[in-house]
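Structure first, then comments.
Residues take their numbers from the sequence shown, with the count starting at 1.
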Amino acid sequence: MYLGTQNGVRDDDDLRVMAQLGVRHLNDNPPGNPHDWSLDVLLRHREKLESFGLVLDMVQLPLGSRPIEESHSPAILSAGPDRDRQIDSICRLIENIARAGIPAAKYNLNIIGIPRTPDEPGRGGSLNASFRWDKADHDTPPTLVGTLSEDENWERIDYFLERVIPVAEANKVRLACHPHDPYTPPGYRGVTRVLGTVEGLKKFVQMRESPYHGLNFCQGTVGEMLDNPRDEIDDVIRWFGSRGKIFNVHFRNIRGRRLSFMETFPEEGDMDMWRSIKLYAELGYPYMIMPDHVPTISGRDPEGVAFAFVYGYIAAQLEAVSQLYPGSVTR
């Protein structure tokens, strides 16, 4: 396993900084709508990163974390008339990702986005993303999908998987799906977030079984599903990791539990991240360990500084765990 990032690249200076910090492996996207990425666009993007000494490990399919109204592929989960066309476009994109020498792609199967309640003060006055069910707007209307039953949600997910997983397998591209963030009770905004529970994620990875079908395992999001994240997270990591279903790790922590939590820097939350990194090493997890969300801090470059802090934290943990599990960490 090795340090990675998905933090958006603003300009070439960001690429230089990543190379200088030793963050060599990236999930990073060419500009524009992913449906429009040609093989040439993907190759040029990979080659640009390589010119800075960086490695393009992963890109994002046109299924993001934003609400479905802002999606590049809204028909896939709304079962609209363009569904098959959008799925066919994603299949062609997977083929081009393989031809461009990119080994993996991540995606979301998201309808309502990432609900949060107002930010809360964290360490030193930082502002931290939070979700408190008792402060959520329970009257927010459904999305363009309307009211969607749990069974129908699963059927639409399976319709997608049935078509894309064989293409991913034929082209040896790992597809990493992000869990629903956060868990919400069934029926919130008209939907049941079927990938918002551990049992739902287990069902998901066993559908259309393939070594190229797995998770963008956001440890923070999984912690948000649990009643006691500190005590329960190990069993969840072990279940998915032992089955080879973790294709990327968002190394993020929270303080709190299901339906009531605040995001934190990794070392100040409830989950023991050192214990987690040892478990990933023990299980032989071979891919990126990366920051995800970070608190909003002060200064001239708050996001850049906060991410740099987490890169250093992860790099130190990887250095330490490599002494306990020789061969578990690569560069």
Side-chain angles (χ1 to χ4, degrees), residues 2-31 45 48-49 51-60 64-66 70 106 113-132 135 178 181-182 216 218-221 223-224 229 248-256 260-274 276-277 288-320 331:
Y2 43 88
L3 174 61
T5 187
Q6 64 175 20
N7 194 26
V9 175
R10 297 166 293 187
D11 51 37
D12 287 357
D13 276 344
D14 279 348
L15 296 176
R16 295 185 186 96
V17 167
M18 288 176 189
Q20 292 161 6
L21 293 177
V23 187
R24 294 187 58 244
H25 297 267
L26 276 68
N27 173 143
D28 190 61
N29 301 324
H45 189 61
K48 177 178 181 177
L49 296 188
S51 74
F52 287 86
L54 304 173
V55 179
L56 182 57
D57 272 52
M58 183 178 280
V59 293
Q60 170 82 43
S65 61
R66 303 292 298 172
E70 302 172 38
K106 69 184 180 74
I114 304 176
R116 291 291 189 266
T117 48
D119 289 352
E120 298 178 5
R123 182 170 65 196
S126 66
L127 291 176
N128 296 28
S130 302
F131 184 74
R132 311 292 180 186
K135 295 181 180 180
H178 194 289
D181 177 6
N216 180 8
C218 180
Q219 186 166 333
T221 300
E224 296 161 14
N248 187 38
V249 172
H250 286 172
F251 205 61
R252 178 166 70 81
N253 208 344
I254 64 165
R255 186 178 302 141
S260 182
F261 63 85
M262 178 177 75
E263 298 181 14
T264 68
F265 282 111
E267 85 290 359
E268 60 168 344
D270 290 342
M271 289 180 283
D272 184 336
M273 304 304 275
W274 170 236
S276 295
I277 204 84
M288 289 187 286
I289 301 278
M290 62 169 60
D292 185 21
H293 310 160
V294 293
T296 300
I297 63 172
S298 302
R300 288 181 291 275
D301 186 11
E303 186 174 83
V305 171
F307 270 89
F309 172 82
V310 184
Y311 296 147
Y313 178 85
I314 294 173
Q317 292 222 333
L318 291 172
E319 180 69 21
R331 302 297 180 197

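- Under a 4.0 Å N-O distance rule, the pair E267/R123 qualifies as a salt bridge.
- For the atom pair CD of E224 and CZ of F261, the computed distance is 3.5 Å after rounding to the nearest 0.5 Å.
- When N27, D292, N29 are each tested for a side chain to side chain donor-acceptor pair (under 3.5 Å) with Q6, only one passes: D292.
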Which atom pairs, one a donor and one an acceptor, fall under 3.5 Å between side chains of residues 294-307 and the rest of the protein, sequence neighbours left out?
from, atom 1, to, atom 2, distance (Å)
D301, OD1, R10, NH1, 3.1
D301, OD1, G304, N, 3.2
D301, OD2, R10, NH2, 3.4

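- By the 4.5 Å heavy-atom criterion applied to side chains, D119 and N128 are not counted as neighbours.
- Here CE of M18 is found 5.0 Å from CG of L26. Values are rounded to the nearest 0.5 Å.
- Considering only heavy atoms from C-beta on, I314 stays 4.5 Å or farther from Q317 through its side chain.
- In terms of heavy-atom proximity, G223 sits nearest to P229 at O-CG, 3.3 Å.
- With ring centers used as reference points, H178 lies under 6.0 Å from H250.
- With values rounded to the nearest 0.5 angstrom, Q20 atom CD is found 10.5 Å from F52 atom CZ.
- By the 4.5 Å heavy-atom criterion applied to side chains, Q219 and N253 are not counted as neighbours.
- Closest non-hydrogen pair, Y311 versus L21, comes out as CD1-CD1, 4.0 Å.
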Before giving the answer on side-chain contact (heavy atoms from CB on, under 4.5 Å), spell out for H293 and D181 the whole-Å C-alpha distance, their side-chain angles and the decisive distance to 0.1 Å. CA-CA 12 Å; H293 310 160; D181 177 6; 3.7 Å; yes
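- Separation of atoms OG1 (T5) and CE (M290) is listed at 6.0 Å; rounding is to 0.5 Å.
- Here the side chains of L54 and L15 are in contact, with some heavy-atom distance below 4.5 Å.
- In this structure, H25 and M58 have side chains that are not in contact, with every pair of non-hydrogen atoms separated by 4.5 Å or more.
- For the atom pair CD of E268 and OG of S126, the computed distance is 6.5 Å after rounding to the nearest 0.5 Å.
- Between T221 and R252 the shortest heavy-atom distance is OG1-NH2, 3.1 Å.
- Within 6.0 Å of the CZ atom in R16, the count of heavy atoms belonging to other residues, nucleotides or ligands exceeds 12.
- The closest side-chain heavy-atom distance from I289 to L3 is not below 4.5 Å.
- The structure places CZ of R255 at 12.0 Å from OG of S260, a figure rounded to the nearest 0.5 Å.
- A salt bridge links R116 with E263; the closest basic N to acidic carboxylate O contact falls under 4.0 Å.
- Contact annotation: the side chain of I114 never approaches that of F131 to less than 4.5 Å [non-hydrogen atoms, C-beta and beyond].
- The two atoms that bring S130 and M262 nearest to each other are OG-CG, 3.4 Å, heavy atoms only.
- T264 is not listed as a side-chain neighbour of D270, based on a closest heavy-atom distance of 4.5 Å or more.
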Could you walk me through whether Y2 and R331 satisfy the side-chain contact (heavy atoms from CB on, under 4.5 Å) test, starting with their C-alpha distance in whole Å, then the side-chain angles of each, then the deciding distance to 0.1 Å, before giving a yes or no? CA-CA 6 Å; Y2 43 88; R331 302 297 180 197; over 6 Å; no
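- The side-chain hydrogen bond (donor to acceptor under 3.5 Å, both in side chains) test applied to D28 returns H45, not counting sequence neighbours.
- Looking at every heavy atom in both residues, K106 comes nearest to N216 through CD-ND2, 3.5 Å.
- Aromatic ring orientation, F251 versus Y313: tilted (interplanar angle from 30° to 60°).
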